[in-house]
A.B. asks: 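Would you mind keeping the following structure in view while I ask a few things?
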2 protein chains.
Amino acid sequence: MDLSKYIRNVPNWPKHGVQFKDITTLCKEAIPFRETCERIANQYKEKKIIKVAAIEARGYVFGGVVAYLLGVGFVLIRKIGKLPYTTIDESYELEYGSDSIHMHIDAISSGDKVLILDDLLATGGTAAAACRLVEKAGGIVEGLIFVIELTGSLHGRDNLKGYDIHSLIKMPVEDE
Amino acid sequence: MDLSKYIRNVPNWPKHGVQFKDITTLCKEAIPFRETCERIANQYKEKKIIKVAAIEARGYVFGGVVAYLLGVGFVLIRKIGKLPYTTIDESYELEYGSDSIHMHIDAISSGDKVLILDDLLATGGTAAAACRLVEKAGGIVEGLIFVIELTGSLHGRDNLKGYDIHSLIKMPVEDE
């Protein structure tokens with residue numbers, strides 16, 4: 001199944017010149033949604049993953065299913081200020097300024113093998129911050145997986161050197 | 001399995017006097033997370049649901065799994081401004097002021113039977129707005145399900161009269 005045909009391209013969102021890759025058109029169809037989640041889980045089913053950690057909000061849609069399929073717990077990585085208990089946090093650079101994500105301090109135990117999941121790999125800044133969070137908690141980043149990877153000028157994988165990285169759909173970042 | 005013992009109570013968050021019910025402690029444990037998702041899906045497996053629609057962000061964690069288990073598509077209801085394509089939107093009242101949620105205009109087809117899912121039923125304002133969104137798109141709200149229902153002074157069910165409502169865990173809203 002060619003999953004890429006279920007991704008909608010939305011031009012000029014969230015700003016002029018950006019070709020936004022919309023995964024909601026994939027999620028709303030039962031068969032490609034199931035296929036996406038199962039492909040991710042199958043990629044890691046032999047790896048003795050202990051936790052799936054996903055980045056809000058779209059990462060949760062797939063991340064919960066993958067945790068379920070692997071029979072492991074699910075960890076919520078959120079934008080700063082969104083989690084109620086004691087957290088650890090990490091910042092990452094944006095085009096202008098910076099932003100932060102956080103995770104509950106007891107979400108991951110020392111030595112846990114963690115799969116990090118998000119819907120999109122663009123610059124890799126958020127994913128790299130997620131890796132630092134998991135490692136700060138004593139976890140081991142067993143891999144990172146993305147539904148879509150933007151190829152071309154963003155070089156997201158350069159921000160994630162040394163990690164095992166997979167993506168299901170590769171799409172060019174450039175204007176179409 | 002008593003799912004309520006996996007919910008962490010966080011006092012005075014997000015503000016003084018609120019006893020926040022934290023579901024991350026349930027999600028991070030494989031067995032109660034699986035049990036929660038399967039109980040929700042089992043409640044609706046005979047109802048010929050066509051779509052599961054969940055409210056961001058915690059609703060997505062469970063909602064994706066329930067859609068997977070029911071073999072149906074998943075619809076993202078988001079806070080206003082978060083979806084890239086043409087949307088329909090609905091407002092709801094807050095203690096001070098109001099807020100809005102939206103959904104892609106093509107997320108639900110006319111006649112689709114929809115299960116609406118969120119992690120928490122408090123006042124029911126957001127859930128009622130989600131019902132209006134689904135109905136505006138021509139969908140039929142087959143039911144609403146919540147992981148936690150706050151019982152006591154909030155009367156969330158009064159905002160959702162006429163709908164089929166289920167919750168897995170009932171907890172008092174009052175200070176403990």
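Naming convention: chains lettered A, B, ... in sequence-line order (proteins, then strands); numbering from 1 in each chain.
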A.B. asks: Can you check whether Glu90(A) reaches Ser100(A) side chain to side chain, under 4.5 Å on heavy atoms?
C.D. replies: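 Counting from C-beta outward, Glu90(A) and Ser100(A) never come under 4.5 Å.
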A.B. asks: What part of Glu56(A) lies closer than 4.5 angstrom to a heavy atom of chain B: side chain, backbone, both or neither?
C.D. replies: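 Contact with chain B involves the side chain of Glu56(A) alone.
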A.B. asks: Taking side chain as C-beta onward, heavy atoms only, is Phe62(B) less than 4.5 Å from Val147(B)?
C.D. replies: yes
A.B. asks: So what's closer than 4.5 Å to chain B heavy atoms on Leu69(A): side chain, backbone, both or neither?
C.D. replies: side chain
A.B. asks: Please classify the contact between Asn12(A) and chain B as side chain, backbone, both or neither, with a heavy-atom cut-off of under 4.5 Å.
C.D. replies: neither
A.B. asks: Looking at Tyr60(A), I'd like to know if the NZ or CZ of Arg58(B) sits under 6.0 Å from its six-membered ring centre while staying within 45 degrees of the ring's axis.
C.D. replies: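 No - Arg58(B) does not lie over the ring of Tyr60(A) by the 6.0 Å and 45° rule.
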A.B. asks: In the single-linkage hydrophobic clustering (I, L, V, M, F, W, Y; side-chain heavy atoms under 4.5 Å), do Ile31(B) and Tyr68(A) co-cluster?
C.D. replies: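 Shared cluster, yes.
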A.B. asks: For the side chain to side chain contact (heavy atoms under 4.5 Å, CB included) test, which of Ile23(A), Val66(A), Val65(A), Leu26(A) pairs with Thr36(A)?
C.D. replies: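 Exactly one option meets the side chain to side chain contact (heavy atoms under 4.5 Å, CB included) with Thr36(A), and it is Leu26(A).
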A.B. asks: For this output row, return yes or no: ring centroids of Tyr6(B) and Phe33(B) closer than 6.0 angstrom.
C.D. replies: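 No, the ring of Tyr6(B) stays outside the 6.0 Å limit from the ring of Phe33(B), centre to centre.
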A.B. asks: Name the member of Gly73(A), Ala67(A), Gly71(A), Cys37(A) that forms the most heavy-atom pairs with chain B at distances under 4.5 Å.
C.D. replies: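 Ranked by contacts with chain B, first place is Gly73(A).
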A.B. asks: Lys28(A) versus chain B, heavy atoms under 4.5 Å apart: side chain, backbone, both or neither?
C.D. replies: both
A.B. asks: Counting heavy-atom pairs closer than 4.5 Å to chain A, which one of Val52(B), Leu76(B), Val75(B) comes out on top?
C.D. replies: Leu76(B)
A.B. asks: Looking at Gly64(A), Cys27(A), Pro14(A), which one has more heavy-atom pairs under 4.5 Å with chain B than the rest?
C.D. replies: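 Among Gly64(A), Cys27(A), Pro14(A), the one with the most close pairs to chain B is Cys27(A).
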A.B. asks: Relative to chain B, which segment of Pro84(A) carries a heavy atom at a distance below 4.5 Å: side chain, backbone, both, or neither?
C.D. replies: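 Pro84(A) touches chain B through backbone and side-chain heavy atoms alike.
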A.B. asks: Measure distances from Val61(A) to the heavy atoms of chain B and classify the residue's part below 4.5 Å as side chain, backbone, both or neither.
C.D. replies: both
A.B. asks: Same cluster for Leu150(B) and Ile145(B) if Ile/Leu/Val/Met/Phe/Trp/Tyr side chains link at under 4.5 Å?
C.D. replies: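 In one cluster with Leu150(B): Ile145(B), yes.
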